[in-house]
Amino acid sequence: MYLVTVLGNLLIILAVSCDSHLHIPMYFFLSNLSLADIGFTSTTVPKLIVDILTHTRVISYVGCLTQMSFFAVFGCMDDMLLTVMAYDQFVAICHPLLYPVIMNPHHSGFLVVLSFLFSLLDSQLHNLIVLQFTYFKDEVISNFFCNPAQLLNLDCSDNFSSNILKYITGMLFGFFPILGIFLSYYKIVYSILRIPSPGGKFKAFSTCGFHLSVVFLFYGTSIGVYFGSAVSQSPTNCLVASVIYTLVTPMLNPFIYSLRNRDIKRSLSRLHSRKF
Ligand SMILES: *[C@@H]1O[C@H](CO)[C@@H](O)[C@H](O)[C@H]1NC(C)=O
C-alpha cells in the first residue's frame, strides 16, 4: 500500500509538471496535495514497517515529537489544500467568467504558501501543548504512530491553558476548513441545481463528486479519531480509523482524482508514448 501510494502520487506530480496543458491552478493544487500525501504516509509507514521487521514497538521521546510534528504539518497541509480545492471548484462553477482573474498564478501560489504556513503553525501549537508534559517518559500509545490527538489526551492533569489551546487548535484547523468546504459546496450545489439540462447537471455533479468523496473519507475518519479519542477509550476503533486516514485515503486520492479525469489520463498516455 505504501508503494502504491508513493508511486501513484509521484505519477500525478510527474504528469502535472511535464504537461503544459495541466499548468492551471486546479492541477497545481492537486500535485501539491499529492506531495503532501507522500509526506503524510512517509511519516508513519516506514517506522511501522521497521517496527514490524524488528519486533520492537518503542519510539524515543524526540522521535515521537518529530513524528508528531511532521504528521501535523502534512496532515494539516492535506486539510488546507482540500479546502483550497473546494474554493477553486466554487469559483470555477459559480463564477466562471471571473475564474482567470481570481485564480491567477499569484493568487494560487499565495494560497499554497498560506496553507503551508498554517500547517507549520498547527504543528508548532501541537508541540507547544505536548512539551508542557513533564512526565512523558514511559507512556503506551495504543496506535502505530505518535498520533497528535492521542498525545494531547495523555495529558490528564487538566491543565487549563493546555485545554484552551487544544480547543483553539481544533477549531482553527478542523472547524474552519470544514466550514469553508461546506460553504463552497453549498454554493456549488445551489448553482448546479439551476442548470436546466439534466446532462449538464450530471456532468457538473460528477466533476465535484470525486473531490467530495475524498473530503468525506479524510474528514470523517480524522474527526472520528480526534474527537473519538477524547470521548471513547476503544483503541480498536481508533486504530481502524487511523489506518484509513493515514494509509487508505492518501492511496485512493490519486485514483479518485485521475482515473475519472480525462485531462490527467490523456497526459499520462502522452507521457507513456513519449517514453517508449
Ligand atoms: C504547488 O503549487 C504551486 C503554486 O500553485 C506551484 O507553482 C507548484 O508547482 C506546485 N508544486 C508541485 C509539486 O506541483
Side-chain angles (χ1 to χ4, degrees), residues 2-46 69-96 98-123 173 176-177 180-181 184 188 207-208 210-211 214-215 218 246 249-272 274-275:
Y2 181 63
L3 282 180
V4 171
T5 309
V6 172
L7 290 179
N9 283 301
L10 274 181
L11 210 56
I12 288 202
I13 295 175
L14 194 70
V16 172
S17 60
C18 290
D19 192 340
S20 56
H21 297 277
L22 299 184
H23 287 180
I24 56 171
M26 184 181 152
Y27 293 112
F28 281 140
F29 296 143
L30 184 60
S31 67
N32 276 290
L33 186 73
S34 290
L35 204 61
D37 275 340
I38 292 177
F40 190 59
T41 41
S42 298
T43 53
T44 55
V45 179
S69 310
F70 279 107
F71 185 83
V73 168
F74 289 120
C76 187
M77 191 74 191
D78 250 11
D79 174 9
M80 294 286 156
L81 283 174
L82 286 176
T83 315
V84 167
M85 288 168 89
Y87 177 68
D88 177 72
Q89 299 217 322
F90 157 69
V91 178
I93 292 180
C94 302
H95 303 283
L98 285 179
Y99 186 80
V101 181
I102 298 180
M103 277 294 163
N104 63 26
H106 278 299
H107 285 178
S108 56
F110 175 72
L111 286 177
V112 171
V113 172
L114 200 65
S115 308
F116 183 64
L117 292 181
F118 259 116
S119 314
L120 277 185
L121 181 69
D122 177 47
S123 120
F173 301 102
F176 285 117
I181 292 176
S184 299
I188 289 173
T207 318
C208 52
F210 299 107
H211 179 244
V214 175
V215 168
F218 182 76
T246 55
T249 317
M251 187 179 73
L252 289 185
N253 269 351
F255 295 105
I256 290 175
Y257 275 108
S258 37
L259 287 187
R260 295 299 300 259
N261 185 315
R262 227 178 308 123
D263 293 333
I264 296 239
K265 260 196 273 185
R266 203 179 299 142
S267 143
L268 282 179
S269 65
R270 217 178 282 138
L271 208 66
H272 185 258
R274 202 165 54 189
K275 277 266 157 56

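Each ligand, and each atom within it, is numbered from 1 in the order the structure gives. Computed from a predicted structure; not experimentally measured.
Checking side-chain atoms of S119 against main-chain N and O of M77 turns up a donor-acceptor pair under 3.5 Å.
Contact annotation: the side chain of M103 approaches that of L111 to within less than 4.5 Å [non-hydrogen atoms, C-beta and beyond].
Using cut-offs of 30° and 60° on the angle between ring planes, the pair F28 and H23 is parallel.
Residues satisfying the side chain to side chain contact (heavy atoms under 4.5 Å, CB included) criterion with A86, sequence neighbours excluded, are I181, S184, Y185, H211. Scored by the side chain to side chain contact (heavy atoms under 4.5 Å, CB included) test, S42 finds Y2, I38 as partners (sequence neighbours excluded).
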Which pairs of N or O atoms, one from ligand 1 and one from the protein, are separated by less than 3.5 Å, and what is the distance for each pair?
| unit_1 | atom_1 | unit_2 | atom_2 | d |
| --- | --- | --- | --- | --- |
| ligand 1 | 2 (O) | N32 | ND2 | 2.2 |
| ligand 1 | 11 (N) | N32 | OD1 | 3.2 |
| ligand 1 | 11 (N) | N32 | ND2 | 3.4 |
| ligand 1 | 14 (O) | S31 | OG | 2.4 |

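Applying the side-chain hydrogen bond (donor to acceptor under 3.5 Å, both in side chains) definition to pairs two or more places apart or across chains, those involving residues 71-88 are D79-Y219, D88-Y99.
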